[in-house]
Amino acid sequence: MKFPSLSAPELLAFAVRFFPFLKWWPMVDRRTLRADALAGLTGAAVVLPQGVAFATIAGLPPEYGLYAAMVPAVIAALFGSSWHLVSGPTTAISIVIYSTMSGIAVPGTPEYIQLVLMMTFLTGIFQLAMGLARMGALVNFISHTVVLGFTAGAGLLIMSTQLPHFLGIPMPRGISFAETLQLTVAGLDQINWYVASVGTLTLLVGVFVRRRYRRLPYMIVAMIAGTLYTAALGLIPQLDARGQIETVKALSGIFPQFTAPDFSLEALRKTASIAVAITMLGLTEAVSIARAIAVRSEQRIDGNQEFIGQGLSNIAGSFFSAYASSGSFNRSGVNYEAGARTPLAAVLASVFLLLIVLLVAPLVQFLPVPAMAGILFLVAGGLIDVAQIRNIIRTSLPESIVLGITLLATLFVQLEFAIYAGILLSLMLYLKRTSHPVILDVKPDPEEGSYHYSADTGLPDCPQLKCVRINGSLFFGAVDHVQQVLQQYGERTPQKHLLIVASGINFVDVAGAEMLAHEAKRRRRAGGGLYFYRIKDEVIRLLQQGGYMRDIGEDHVFAVKRPALATIYPKLDTATCRECRLRIFRDCQNSLPDGSLRADAAKHDNKETP
């Protein structure tokens with residue numbers, strides 16, 4: 001058996017399909033390596049406090065957030081299409097994991113960790129399968145409004161989960177958003193002011209540094225400030241603050257440990273539905289962030305390849321103690337702004353993170369829990385885009401409803417349901433809009449030599465010929481509305497002929513084609529006709545292949561700049577035209593449909609004859 005021989009470029013293109021890093025690897029040189037190393041070091045400094053914070057949100061030991069920023073980031077960089085996207089733990093995924101998995105197992109326990117790793121493995125399998133099936137366009141169905149509402153809700157949820165640690169009010173774990181607010185209000189007299197002062201100072205320092213010194217890692221500065229303040233409180237005997245401020249547990253491991261997920265059927269049953277929700281959320285985050293940065297970097301993003309990269313990263317991460325990861329907006333933005341030239345920057349960031357953790361791991365045990373709560377308040381506040389929310393509320397009522405329902409579902413219902421509800425509602429509103437295509441009354445542009453039809457000419461309707469423009473696709477969901485409108489023309493008025501300016505019809509399915517054929521036959525029986533001007537080639541092809549053009553008539557379809565009225569006018573009733581004084585068409589100014597001159601036109605000609 002002989003295999004076809006491939007040229008060197010063809011062989012490279014074939015290899016790049018399976019190993020995308022072969023496309024950018026030849027670009028690596030001393031100059032790009034220096035830029036990528038600097039960007040990687042910056043990214044490692046940023047993810048250190050984030051990883052610990054996000055693991056806390058997810059109900060996992062702190063080191064698991066750092067594990068999620070190591071191996072998955074390397075795999076996603078090598079097998080994704082974006083040169084600047086950096087994967088790792090994210091706020092939204094962390095809060096979804098905690099809210100869904102905490103009802104199955106106690107957070108932080110070995111059982112909980114095993115189930116999270118199994119869920120991560122399934123998430124990777126689902127993402128990889130969607131990428132191989134070329135389903136990258138699916139993330140387009142998750143609207144920006146849904147993501148905005150979900151992330152805002154996630155931000156408020158994070159704040160609610162950290163209120164007990166921020167204020168020092170004892171509360172049971174796993175309670176709902178409403179119960180947390182209720183217990184907080186009821187327990188205001190139990191606030192530990194030492195704990196609250198640490199959280200508040202950390203929060204204020206973080207906000208100040210982020211606004212005034214943008215180049216500094218504000219989370220690290222805020223953590224250091226909170227830790228030093230706690231140490232200072234402990235040195236004052238009169239305050240008796242020592243022992244009242246809890247600290248974060250020491251990291252039990254620095255290197256990602258090889259651990260297989262729990263592949264039992266029971267674990268599969270418990271985590272499969274959660275993995276589906278995180279799959280869609282993770283892919284939406286990754287592709288949206290990659291595209292947003294690609295607009296600035298002028299790079300082309302392959303959504304399907306991003307699916308594959310994210311899937312492989314989560315599959316690999318599940319075997320190295322990493323929970324579900326996705327594209328991180330903060331890290332990706334920092335990576336681009338720091339001058340990263342290739343995805344090698346994300347790889348180096350993981351290496352630098354490991355080295356940094358080796359140095360600071362012993363110091364994590366001195367980090368106060370209220371200081372961590374203050375850091376998470378900063379993270380949560382960044383998720384609530386007030387300007388975008390205000391703009392949506394001001395701009396669109398339907399989008400505001402989607403935003404509100406997604407936000408409320410995030411706060412008061414299960415998080416995965418909030419994602420599904422937002423997607424479903426967005427699709428319903430989209431289908432409602434597309435099922436009612438805009439149908440405009442139009443008239444021929446009176447300007448000499450113009451082939452256009454306009455809705456603002458101010459001309460009255462012709463008694464026999466109705467001209468309309470349809471802006472929207474004719475698919476099964478829109479057929480009933482369009483058919484009702486078209487049938488009204490000719491029932492209320494004697495307009496037996498109908499000309500459709502079809503330049504706005506991008507797509508017609510079988511139901512739409514059958515409706516047009518039925519309308520053409522109905523008008524022909526009434527003595528009129530259905531005509532099309534500027535219909536697209538794809539629509540004509542479908543009408544011809546299905547045999548619908550036989551009912552419509554090939555001669556009833558007019559191409560661009562082909563005068564449709566010159567063909568339709570002779571088919572109108574001459575007696576009606578003789579009595580008409582509107583004469584909105586150039587063709588009916590001087591002559592009648594049968595070709596004879598109008599009486600007033602003939603008198604005008606006789607006066608000019610010598």
Side-chain angles (χ1 to χ4, degrees), residues 50-72 88-126 154 157-158 160-162 164-165 170-177 179-180 246 248-279 281-282 314-326 364-365 369 372-373 376 379 414-417 419:
Q50 285 186 346
V52 174
F54 293 161
T56 304
I57 294 173
L60 293 165
E63 60 268 19
Y64 282 79
L66 302 177
Y67 297 158
M70 293 180 184
V71 174
T90 69
T91 317
I93 289 180
S94 299
I95 190 67
V96 171
I97 289 175
Y98 177 78
S99 65
T100 54
M101 301 296 292
S102 59
I104 302 174
V106 178
T109 61
E111 179 191 5
Y112 182 87
I113 294 172
Q114 283 294 310
L115 288 174
V116 168
L117 295 180
M118 179 57 183
M119 179 275 301
T120 301
F121 176 79
L122 289 177
T123 298
I125 291 294
F126 294 154
L157 275 180
I158 292 170
S160 72
T161 60
Q162 295 305 309
H165 306 301
M171 292 186 197
R173 297 192 64 169
I175 59 177
S176 67
F177 177 77
E179 290 172 330
T180 301
E246 185 183 358
V248 176
K249 295 180 180 178
L251 299 180
S252 61
I254 298 174
F255 294 94
Q257 302 174 2
F258 182 85
T259 54
D262 180 6
F263 291 111
S264 66
L265 291 177
E266 182 65 15
L268 176 64
R269 182 187 65 80
K270 290 179 178 179
T271 59
S273 62
I274 301 172
V276 172
I278 293 181
T279 294
L281 176 61
N314 280 313
I315 292 173
S318 67
F319 288 93
F320 287 93
S321 304
Y323 72 92
S325 64
S326 181
V364 173
Q365 59 184 319
V369 168
M372 180 60 68
L376 292 176
V379 173
Q414 292 182 340
L415 280 182
E416 69 269 28
F417 175 79
I419 300 172

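Along the sequence shown, the residues carry numbers beginning at 1. Side chains included, hydrogens not; waters and symmetry mates left out as well; all remaining heavy atoms used.
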*Does any N or O in the side chain of Ser94 come within less than 3.5 Å of the main-chain N or O of Ala58, such that one atom is a donor and the other an acceptor?*
no
_Quick one: does any side-chain atom of Ser325 pair with a main-chain N or O of Ala68 as donor and acceptor, under 3.5 Å?_
no
*How about Phe54 and Tyr323: are their ring centres within less than 6.0 Å of each other?*
no
If I compare all heavy atoms of [X] with all of [Y], which pair ends up nearest, and what's the gap?
X	Y	result
Gly282	Ser326	O-OG, 2.6 Å
Tyr64	Ala55	C-CB, 4.4 Å
Met101	Leu115	CE-CB, 3.4 Å
Pro72	Gly317	CG-CA, 4.0 Å
Phe320	Pro256	O-CB, 3.6 Å
Ala324	Asn314	CA-OD1, 3.5 Å

Is there a side-chain contact between [X] and [Y], using heavy atoms and a 4.5 Å cut-off?
X	Y	result
Val116	Ile97	yes
Val276	Ser273	no
Leu281	Ile93	yes
Ile274	Ile104	yes
Ile113	Pro61	yes

_Under the criterion side-chain contact (heavy atoms from CB on, under 4.5 Å), I'd like the reasoning laid out for Leu268 against Met118: C-alpha separation, chi angles, the key distance, then a yes or no._
CA-CA 7 Å; Leu268 176 64; Met118 179 57 183; 4.1 Å; yes
*Between Phe258 and Phe319, what is the ring plane arrangement, given parallel below 30°, perpendicular above 60°, and tilted in between?*
parallel
Could you tell me the separation between the [atom1] atom of [X] and the [atom2] atom of [Y], rounded to the nearest 0.5 Å?
X	Y	atom1	atom2	answer
Ile95	Ser160	CD1	OG	7.0 Å
Thr271	Leu117	OG1	CG	10.5 Å
Lys270	Ser264	NZ	OG	8.0 Å
Thr120	Ile315	OG1	CD1	11.0 Å

*Looking just at side-chain N and O atoms, do Tyr112 and Ser102 make a donor-acceptor pair shorter than 3.5 Å?*
no
